[in-house]
Trainee: 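Input: one structure, supplied below.
For ligands, and for the atoms within them, numbers begin at 1 and follow the listed sequence.
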Amino acid sequence: MTADVHDRLRALPSVDSLLARPEAAALTGTYGRAAALHALRATLENARRAIRNGETTPDPAALLSAAAARLAHEHAPTLRPVINATGVVIHTNLGRAPLSAAAIAAIQAVAAGYSTLEYDLEPGQRGKRDVHAERLLCDVTGAEAALVANNNAAAVLLVLLAFAQGHEALISRGQLVQIGGGFRVPDVMRQSGAILVEVGATNRTTLDDYAAAITESTRIMLVVHSSNFRMVGFTEQPELSALAELAHSHNLLLIYDLGSGALLDTAPFGLAHEPTVQEALDAGCDLVTFSGDKLLGGPQAGLIAGRADRVAALKKHPFARAVRADKLDLAGLVATLESYRRGAALDELPVWQMISANPGAIKRRAQRWRRSLGTGAVIAGESTVGGGSLPGETLPTWLLALDVPKPDAFAARLRRADPPVIARIAADRVLLDPRTVLPGQDKALLGAIKAALASG
Ligand SMILES: *Cc1c(COP(=O)(O)O)cnc(C)c1O
């Protein structure tokens with residue numbers, strides 16, 4: 001080491017002298033003393049390395065600002081609100097359904113203090129958390145009884161544990177679905193201790209296939225919504241009502257994992273008809289399971305609706321306790337279901353507002369964006385519903401298309417905005433779909449785009 005490097009290393013301030021400076025108080029106040037100390041030590045270590053590589057000695061202010069940058073980066077929150085400009089309405093990676101104003105208010109009210117979660121005001125005694133959403137769920141689906149778990153995967157597992165553990169459950173080979181990242185129906189079934197009996201072929205399963213597979217040990221027939229793929233061509237699945245008849249003639253339960261669980265018909269919006277909870281129950285399913293945060297448009301939850309005796313058995317199962325919904329979830333779910341009961345779901349629930357959005361209004365919004373930016377083109381395109389519903393179906397939309405030199409780098413700059421903007425890229429253009437950008441987000445969105453254009 002040369003004497004010169006030695007001098008420059010010796011000129012570095014100590015951790016203690018840095019900590020004694022006024023700027024350090026802001027760091028310890030924001031991040032805590034231990035984290036601030038750690039960052040200062042790491043910053044000094046970096047400086048020593050740089051000095052050995054020929055750099056000059058940074059002054060204390062520079063060291064403190066480097067430490068501040070390090071802390072800001074390390075402590076940046078990982079769960080942040082974003083602007084969804086992808087046009088995928090129920091985007092699982094982006095948190096699925098945005099909640100209605102009423103659901104948000106209900107969650108806030110319950111979160112801030114005590115509540116009647118398990119308290120019955122009339123007698124002034126212990127009550128049940130089951131009651132809050134159950135009656136509403138029955139009202140809007142026509143089910144005899146209902147139960148809320150914390151998500152649909154848990155609901156399916158609970159049903160299998162309660163009714164098929166150590167016994168056989170029949171499922172069509174065409175319905176051994178993988179839903180999103182790693183949730184495979186056959187794996188869940190095995191976790192429950194149910195013995196999976198695959199029937200039929202991938203593309204065709206008949207009533208006779210089910211009938212031939214029934215043994216002494218069979219307890220349930222499970223139907224699973226194909227969620228995220230569509231089979232076309234030479235395909236066949238028996239009618240639900242015929243399956244129900246077969247199941248009941250052998251004393252078996254017919255369980256339908258509906259996945260998305262629409263309560264409203266999707267057909268009026270130019271989409272295929274998504275099977276509804278009401279139809280599944282009318283067809284004779286004993287229990288149907290579905291998510292709270294897909295087409296229902298509420299918070300994360302797994303809803304089970306169906307026959308009263310079967311729901312009562314589920315409630316008694318120990319696993320029900322392990323997967324029960326929390327109070328915030330229930331508050332949001334109840335408010336969401338109230339919108340359906342009032343017949344106001346289309347007006348009040350963001351998911352349905354987006355699905356039913358008027359294409360003319362979407363186009364005018366994209367044109368306003370274009371005028372404000374002074375660049376881009378408004379082009380026809382397609383939005384999707386997502387969330388394991390309506391695979392392959394699209395909604396006609398209007399997109400703002402930006403022709404920029406490096407679309408990937410531009411999209412990355414949009415993701416670095418605050419709040420981050422998530423866009424789509426197709427045919428070397430950055431595409432932004434107004435359908436999924438919430439009302440009130442235009443200003444932030446345009447600000448992010450302008451900044452990204454300016455730094456390009
Ligand atoms: C989405 C989905 C699930 C999982 O639901 P979560 O609420 O995410 O746990 C299960 N089954 C089907 C058919 C689905 O589409």
Trainee: Tell me which one of Ala153, Ser291, Ser260 gets a heavy atom nearest to atom 7 (O) of ligand 1.
Mentor: Ser291

Trainee: Using 4.0 Å as the upper bound for N to carboxylate O, is an ion pair formed by Asp286 and Arg307?
Mentor: yes

Trainee: Can Gln300 be said to touch ligand 1, with heavy atoms closer than 4.0 Å?
Mentor: no

Trainee: Taking only residues two or more places apart in sequence, or in another chain, which ones meet Asp418 in a salt bridge (Lys or Arg N to Asp or Glu O under 4.0 Å)?
Mentor: Arg80

Trainee: Between ligand 1 and Asp257, can you find any atom pair, the residue atom being a heavy atom, that is separated by under 4.0 Å?
Mentor: yes

Trainee: Report, in ascending order of atom number, the atoms of ligand 1 lying under 4.0 Å from any heavy atom of His225.
Mentor: 13 (C)

Trainee: I'd like to check the salt bridge (Lys or Arg N to Asp or Glu O under 4.0 Å) partners of Arg219; sequence neighbours left out, ordered by chain and number.
Mentor: none

Trainee: Do Asp442 and Arg365 have side chains that approach each other closer than 4.5 Å (heavy atoms only, starting at C-beta)?
Mentor: yes

Trainee: Would Asp293 count as being in polar contact with ligand 1, using the rule that some N or O on each side must be under 3.5 angstrom apart?
Mentor: no

Trainee: Under a 4.0 Å N-O cut-off, is there an ion pair linking Lys315 with Glu134?
Mentor: yes

Trainee: Please confirm whether Arg96 approaches ligand 1 to less than 4.0 Å, judged on its heavy atoms.
Mentor: yes

Trainee: Which atoms of ligand 1 are found less than 4.0 Å from any heavy atom of Gly259?
Mentor: 12 (C), 13 (C), 14 (C), 15 (O)

Trainee: Can you tell whether the side chains of Arg135 and Glu144 come within less than 4.0 Å, N to carboxylate O?
Mentor: no

